[in-house]
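Everything quoted here is computed from the prediction, not taken from an experiment. Numbering starts at 1 and runs along the sequence shown. All heavy atoms count here, side chains included; hydrogens, waters and symmetry mates do not.
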Amino acid sequence: MKAKTHHGQNANGGSSSDTSPSPPPSPRRRSVGSLSFCRRRLRSKPLFAGGSLLSRRKLRYLLVLPLLYVSGLIMCVGPFSALVGHTPPPPGSLYRSHHFFQRLWDDIYSDNSSAIQLSSVWSYRRRLKEQKPCPNSTAGQFFDSLGPSGYLVVEANGGLNQQRSAICNAVAVAGLLNAILVIPQFEFNSVWRDPSKFSDIYDEDHFISTLEGYVKVAKELPQDLMERYNYNISNIPNFRVQAWASASYYTEVVYAVLRSQGIIRISPFANRLAMNVPPYIQFLRCLANYEALRFSAPILALGKTLVSRMAEKSTITGGKYVSIHLRFEEDMVAFSCCLYDGGEAEKTEMDLIRETVWKQKFKRKDRVVSPGQNRVEGKCPLTPLEVGMMLRGMGFDNNTSIYLASGKIYQEEKHLAPLLEMFPYLYTKEYLASADELAPFQGYSSRLAALDYIVCLLSEVFVTTHGGNFPHFLMGQRRFLYGGHAKTIIPDKHKLVVLLEDRNISWKGFKDEMEAMLAESDRKGLIVPRVSTAEAELASQSAYAFLTYQSHHDISVVQQPISYTIAMGILFLSCVVFTLVPLLIKTKPSKVSRAVIHVEGMVWTRRHVCLGSLPNRGCRHLSSLTSPAPATFAVEHAILRPGQLNSPLFMAVMDFSRIATLLRHCGRIRAFNPGKAFHCHLIKVGVSNDVFFANNLISMYVGFWDLEDARKMFDEMSERNIVTWTTMVSAYTDGGRPDEAVRLYNLMLELKSESPNGFVYSAVLKACGLLGDLKFGKLIHEWISSAGMESDTVLMNTLLDMYVKCGSLSDAKKVFDEVLYKSSTTWNTIISGYSKAGLMKEAVDLFYQMPEPNVVSWNSVIAGFADKGSLHASEFMCKMHSKGIKLDGFTFPCALKTCGRRGLLAFGKQIHCYVMKSGFESGRFTVSALIDMYSDCNELISATNLFHQYSAHNSSIRDNLPLWNSILSGYVVNEYSSAALDIVSQIHMSGACMDSYTFGGALKACINLLDSRLGLQVHGLVVTSGYELDYVVGSIVVDLYARIGRINDALGLFHRLPMKDTVAWSGLITGCSRTGQSWLAFSLFRDMIDLNLEVDQFVVASALKVCSSLTSLGIGKQIHAFCTKSGYESEGVVLTSLIDMYTKCGEIEDGLALFECATERDTVCWTGIIVGCGQNGRAREAIQYFHEMRKSQVKPNEITYLGVLSACRHAGLVEEAWTVLSSMKLEDGLEPCVEHYNCMVDLLSQAGRFKEAEKLIADMPCKPNQTIWRSLLGACGTHKNADLLNTIDKNLLANLPEDPSTYVTLSNAYAELGMWDNLSKVRKAAKQVGSKEAGKSWVEITS
């Protein structure tokens, strides 16, 4: 039924002209129509029959009048209780939803029997008139002959959709005044604090190109105007324009000012232009909203990714999901003046927010705040609990996937928990995207809102909870996407709050009410709001289509009930229907039901179309081919003859560029089935081998990551051009097959079919970089130079990147110097190359030469310093912050890495605070870096608390593995190996796939425990998981076997590794030296040097320890020379090993010289020189160094004390030894162990002070070992102490009856004392035990 029009206007509210620019027709509201109908009925029948008697039927209505009067009196005066001062609160005015939830939770939890299917939620059907949002008209334009009237500067205030409304009006005003529109400004926003620029949110170039021919758009003001206003747009005076000003006001008042000043600034600009404007101006507003405003590439890319991931999470419901726009943020709750828990804390918190954000707005005397009334009238935001109750009542079960579009929810932990209980499959953009993916959008509310907009747009069900521009725009666009149905649940909030406060209602009764509410939303989904109410309603009807695909596809065909191929035929047929009408009327037609095809960017406008396949037709001018929407082309009841879809007539009017766009679009969104269908159709009509279509088909298959079909298409082409070759070479490069890309490029050169251009060179250079093929890369460089392409900055950047990836920084620097126009990418590539190579001096020099370093430049330098463990990383981060450059998810981990390595706990905590304030605390990699920092600073409790805090929000180990790996590493670093293995067990039990970091941590825990059984079990997991030949994991496995003494197994694993890192070499060298295979260790060290492998300070230290154990001075000096050449001499671990080597080889002077040269002396370094002095008979110097160590605030350890006591023992310094032993516990809190007591007992016994020695042994907290008894035994022989000898005899023989050396020591002591009888007994017993193995010695021969 057609809607009636009045006063010469059509149903849209515009004029009756065919060129009316009004939005699509709105069905009239039921209430208004019913009222008019009732009034007509009352007027049509008389109240009196015969003019004198009252009809009995009418008399009944009069009897009701007293009741109506009483009811009205009560409504005006109030109930009787109000007269006595006891007015009960109206139903629904108090928040009781949490009580309702607790009372009925058991019923809710158990009720999944009547779950609604997402595919059948919307069942209401209603025929709508075809919607034409942007009918073009140029009637009424003026000013064109006078030229542009000036520049229009616009500030778009508000959130995402308020900005969009402002921009659309700005375009309309610019067209009305014939002004040049300057790209709108967002950064003056005073409420949302979003400093985004226009190009950050929208595709600026697309905006300008779409409006070309309608409105002139400039990116910035001319230099003379900027100079006039001191290069500050805010200095341009504001022109105050009344809201909803008419077109005549702009043309008569504003135009005159603009013409005289040459520039005008209007701010704020939201909802400024009246609806009653000329048709061509209405068209401009619609064109801007519908076509020109398209989200920027980063937003579109991540938005598509989120939709795809949401569909993957919704496999239970067939890839369909429900989206909820929840307005329960802290500021929204405060602004609504509603009460929830009603506590004093909530009131204080809300008052503070209102005072902070809105100042005295809520404290005016004329402002009356009534929370209960606000709730009854539906002005309070719905809580997550209320939304969940509503949806469960409507029939959505706990398997429904929910996307929550919201900001920071007020008291999130408290209010979100019930919703999670009802819908465990609840996701947000923070969950679906990683912290690194969201990092560019954090802190920018409009960009984050755009991401939510995309995901909500493509949901099967959209739930709006509190109105606003976001749902209005979204519902309008959803109507265009889904055949005129908004597919939106709009809750009746008044009804809902009353029901939730009803203590007597059952769950079944509540469900009945909610199902009725869903049915009402289904009905209203097809009712288009009337345009005249507000400009926001206009925008909702003509919301632009930046993405036009249902569910998670960019291309969808809505068929009722036609096949996909027929739908495609209708699309093509619509272009030539005027040529087919004479033919169609001669045959019996077959009716085709309505088909709607959605294609991104399908804009059918007037154009010349060649009908090449029709005889004697030539080219026709199709002036009336204008689609109802750029993304929707609908043909209703088209008349086709059987078999016509496959005729060449369709190809006669093909718009090649649009079909190509469609094919590439299928590839971008991986719409496999529609893409295949297009391919099949092109084959049927015989054009699939055309080089233009074939190239786009290859591009489509590349988008599917289907390189086999792409290559098959490539091989079947009879004709190829440079685009064909470029597409395939790029596909192999991007698809991880750079070797095949190089082979294909060489094939192109061999066939001499095409000459390479810059695009081909870029693709093959990228492949060379991935392969590390420097030789071939240089050859391409020569070809580029000979072709004279050095001025192509993009190509030169790719060449520069190739040299960096191949490690040839000298060539990279030459290319960098040759680039004429260096972009930020050029600078960042070379800076990153030097930083990754550890050449920080060169990187910093280039950084300071860069005209305007951006966040990538800063992060590259910070990462380079962080890899070296330099404090400059922290310094650069501070500089970056002070210059106002926003730190991101890459900056924080690098800075925290430096803090962990250097033990800068205080600075790390400062960064932690900054992370929380910046909103990066939810990023997995940032949290992992924080845990690593606390672990490296020995703050394991803080690290553990942080881990439990963030792992509780996401119980899925599989999705949060980096976090678990970080705490695992923390336990290993702090030698809590058992706890580390418990973490590994939990990861394994969860079913998560362990990665190289997990296996590395598990193996290191086994190394710390020296537990071969557990190590073998972990090794088995490594093998079954396919990580045995991973160079990181494999190297640690080699180290494990070397540590537990299984050198042969370690060598076997070592030789099987395809890549061997420093850990493998170092572990094997250390293991060989520990098991006495010192010469094998030397051999491995030489192999490393001969193979030009990277030898780090730890490998050098291991080799020096082998020299120390063998006292091989010659080899030690050679290694020292190698250290000097390699720059390792100043490294702490190498310097300590060199001192140890020289002192143990008897070259104490060289050891002392090295020690004096050391700038930083730690405990190990001091201990090394003290022990060395003691071993070389310089006890006094050892004691002196010990005291210097104490003065320098370096704390000695147990080994330090052992070295001092050993030095005292060699020199016979008893008193000094007593002093040292006493200070060990008193001053440093160290408990002496048996080795310390052994030194003291030996010293006392050699001095003949046997009583003190015996007392010390008796007072020892530990049991004396054989070394102590043998020390006493040797002294008894020297000092002729026969009485003590008998005691020692009994203890030694009791503890070591099978040790031949014990009998030899006793025999010597008895011989010195002349106790021959005892000597003969001991020798007789020794013969029964066996003879002692002869000692060995060696001599190092040098040539």
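Salt bridge K1144/D1140: present, at least one basic N to carboxylate O contact under 4.0 Å. Using a cutoff of 4.0 Å between basic side-chain nitrogens and carboxylate oxygens, K1004 and E975 are not scored as salt-bridged. At a threshold of 4.0 Å, the pair R1249-E1215 counts as salt-bridged, since one of the basic side-chain nitrogens sits closer than that to a carboxylate oxygen. For the pair K897 and D867, the salt-bridge criterion is met [side-chain N within less than 4.0 Å of a carboxylate O]. The pair R1180-E1216 meets the salt-bridge criterion, since a charged nitrogen lies less than 4.0 angstrom from a carboxylate oxygen.
In this structure, the side chain of K1225 does not engage the main chain of S1222 through any donor-acceptor pair within 3.5 Å. S1083 contributes no side-chain N or O that, together with a main-chain N or O of W1079, makes up a donor-acceptor pair within less than 3.5 Å. Of the possible donor and acceptor atoms, none in the side chain of S870 sits under 3.5 Å from a partner among the backbone N and O of A866.
Around atom CD1 of I1199, no more than 12 heavy atoms belonging to other residues, nucleotides or ligands sit under 6.0 Å away. Within 6.0 Å of CD in E1231 there are more than 12 heavy atoms belonging to other residues, nucleotides or ligands. For Y976, the OH atom is loosely surrounded, since the number of other residues' heavy atoms within 6.0 Å does not exceed 12.
Between W1166 and the options R1190, K1195, M1189, a side-chain contact (heavy atoms from CB on, under 4.5 Å) holds for only M1189. Put simply, the residue from T1219, I1183, L1221 that forms a side-chain contact (heavy atoms from CB on, under 4.5 Å) with C1208 is I1183.
No hydrogens or angles considered: a donor-acceptor pair under 3.5 Å links the side chains of E875 and H872. Between the side chains of Y1201 and D1228, at least one donor N or O sits under 3.5 Å from an acceptor N or O. In summary, the side chains of T1070 and S1102 do present a donor paired with an acceptor at a separation below 3.5 Å, with no hydrogens or angles considered.
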Before you tell me yes or no, could you show the steps for W1218 and L1244 under side chain to side chain contact (heavy atoms under 4.5 Å, CB included), namely the whole-Å CA-CA distance, both residues' side-chain angles and the distance that decides it to 0.1 Å?
CA-CA 10 Å; W1218 271 121; L1244 291 171; 3.7 Å; yes
Residues W1065, F1085; criterion ring-ring contact (aromatic ring centres under 6.0 Å, His included); working and verdict
CA-CA 8 Å; W1065 288 94; F1085 182 72; 9.7 Å; no
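In this structure, CD1 in I1148 is found 9.5 Å from CD1 in I1139, a value given to the nearest 0.5 Å. Within the model, atoms NE2 of H1019 and CG of D1049 stand 9.0 Å from one another, a figure rounded to the nearest 0.5 Å. The OG1 atom of T1200 lies 12.5 Å from the CD1 atom of I1169; values are rounded to the nearest 0.5 Å.
For F1155 and Y1185, the distance between ring centers is under 6.0 angstrom.
Summarising the geometry of C1107 relative to M1141, their closest heavy-atom pair is CB-CG, 3.8 Å, with the distance given to 0.1 Å.
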